[in-house]
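Presented below is the structure to which this report refers.
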Amino acid sequence: MVARLPLFVLIVWVAALAMLGPALLAAGTGDYRTARAFFFGTLLSAIVAGLVAIATGGQRSANLMRGQLVTLLAAYTVLPLLLALPFYVSLPRVGFLNAWFEMVSAITTTGATIFDSPGQLPRPLHFWRAIVGWLGGLMVWVIAVGIFAPLVIGGFEVRGVGSRAEAARYAYTGGETDPGDRLARYAARLTPVYVALTGILWLALTAAGEVPFVALCHAMAVLSTSGISPVGGISGATSGVVGEGLILLFFVFALSRLTFSRGMRGEDRVPLRRDPELRLGALLILLVPALLFLRHFLAAPGAGAPDQTALQSLRAIWGALFTVASFLTTTGFESRHWLGAADWSGLNTPGLLLVGLALIGGGIATTAGGVKLLRIYALYVHGRREVERLVHPSSVGGSGSEARHMRREGAQIAWVFFMLFAISIAATMVLLALTGLPFEVSMVLTVSALSTTGPLAQVAAEVPISFAGIPEAAKVIVAGAMVLGRLEALVLIALLNPEFWRR
């Protein structure tokens with residue numbers, strides 16, 4: 001019965017239940033104003049969702065594809081208005097627009113914030129941002145395999161998992177099972193995995209010497225790739241390099257969906273060691289730090305700090321390795337040794353390297369943003385095949401039907417998406433420039449929003465960019481870019497298809 005309720009109602013009920021976490025934390029610390037705000041927010045959200053459930057009476061849209069995609073759009077635009085209410089009531093001086101911006105940033109797992117100093121927010125509000133970001137990551141996992149995979153969008157079109165006929169049948173008739181049952185089944189399978197991984201990382205960080213509350217927020221930020229931290233990032237943590245090493249291990253879940261969703265949609269055919277996303281991600285994580293390290297000797301002798309010891313060199317390598325992996329997965333955590341790595345490389349603008357990594361992003365159907373590794377891989381194999389045909393015009397490409405699909409249709413749709421992503425960057429930069437922002441600031445904020453890598457604004461530019469200092473119109477534009485980056489342009493274009501709105 002619950003599975004047949006509208007998806008938006010279920011999402012609001014989950015959000016209402018999540019508000020009890022900050023309420024209990026605030027009550028335990030004596031902040032009763034914040035506790036009342038979140039408790040009444042729970043009641044308001046539950047009542048509103050209940051009224052919507054009664055009004056709809058279990059009805060659902062005749063066009064399932066349209067109904068579910070519209071629900072996802074509402075979850076990233078309308079739901080933050082409800083999530084921002086207790087935030088605003090707890091801290092009225094922030095303003096409702098800024099509270100809404102914080103919630104859009106959190107639920108899209110971007111992690112951008114208008115608070116330049118962690119001390120500006122009380123602990124319950126830090127916890128609320130972390131919870132919303134964590135739930136946003138879980139929602140991405142569920143909708144990716146429950147909605148995007150059967151519709152063959154969201155990156156699945158590159159590999160060709162499923163078929164166009166299956167997508168059309170699912171869009172208009174519900175496919176083989178009820179869509180509510182399908183989402184409930186995938187949620188039941190993925191939620192325990194998501195919770196267990198978060199709990200394991202939380203315990204591991206706590207054992208490494210981290211404060212339990214900070215460890216929990218960082219664990220939720222890593223699994224959701226939101227980069228939300230109550231202490232300003234990993235550099236402010238007490239777990240040190242051991243904590244960074246533990247976090248680095250969990251970045252793998254943002255590089256490949258096969259690490260947590262094996263067996264769903266017939267994806268167990270590919271061994272994990274042969275997964276192109278994981279292999280390409282690992283190559284970038286190893287290659288980029290190696291190039292940064294070698295550049296000190298090959299192109300910039302003497303550019304680093306004088307008298308570098310072996311220990312300082314190892315710290316520089318580790319800082320580059322961790323930061324590259326963090327921004328490739330669009331988490332945005334900066335290693336405490338990143339500045340040393342940047343000085344060692346001799347680059348004048350090392351932040352631009354992180355911009356490029358964030359644009360590439362992680363794996364499809366993961367919480368990472370960006371263009372995604374599988375699309376980059378599809379363009380690579382297509383280019384490699386074209387070079388082979390130039391050398392041997394009569395050669396025949398093998399590796400099976402799936403590989404042929406990736407080299408042809410997959411590469412074509414990947415290129416289309418890449419062009420749409422580039423157009424989105426240009427359009428967003430123009431809109432931000434119209435609000436009076438300089439070119440460099442507009443570029444960094446645009447990439448930060450569309451790749452859902454909020455902390456990029458602090459490290460990509462020569463001078464850290466504050467979201468609090470941009471005009472209100474720019475905040476609305478950046479929030480819209482966050483939603484566009486999370487849902488992807490192809491999903492929004494599908495919503496604009498006139499056939500979706502015909503009976």
Counterpart residues, side-chain hydrogen bond (donor to acceptor under 3.5 Å, both in side chains), relative to S45 (two or more places apart): none

Any pair counted as side-chain hydrogen bond (donor to acceptor under 3.5 Å, both in side chains), so long as it reaches residues 455-483, sequence neighbours left out: N98-K475, D116-S466

query: For residues E334 and S235, is any side-chain donor paired with an opposing acceptor at under 3.5 Å?
result: no

message: Side chains of E244 and W318: any donor to acceptor distance under 3.5 Å?
response: yes

Pair F333 + H218: ring centers closer than 6.0 Å: yes

message: Centre-to-centre under 6.0 Å for Y194 and F260, is that the case here?
response: no

- request: May I ask you to check whether F467 and F101 place their ring centres under 6.0 Å from each other?
  value: yes

- line: Here the salt bridge (charged side-chain N to carboxylate O under 4.0 Å, His left out) pairs for residues 131-151, sequence neighbours left out, are none

field: Residue list, side-chain hydrogen bond (donor to acceptor under 3.5 Å, both in side chains) with S326, at least two apart or on another chain
entry: none

message: Ring-plane angle category for F417 and F421, please: parallel below 30°, perpendicular beyond 60°, tilted otherwise.
response: tilted

task: Tell me, please, which residues at least two apart from T323 pass side-chain hydrogen bond (donor to acceptor under 3.5 Å, both in side chains).
output: none

query: For Y380, does the OH atom sit with more than 12 other heavy atoms under 6.0 Å from it, leaving out its own atoms?
result: no

message: Please list all pairs meeting side-chain hydrogen bond (donor to acceptor under 3.5 Å, both in side chains) that have one or both residues in residues 484-495, counting only residues at least two apart or in different chains.
response: T109-R486, K372-E488, R375-E488

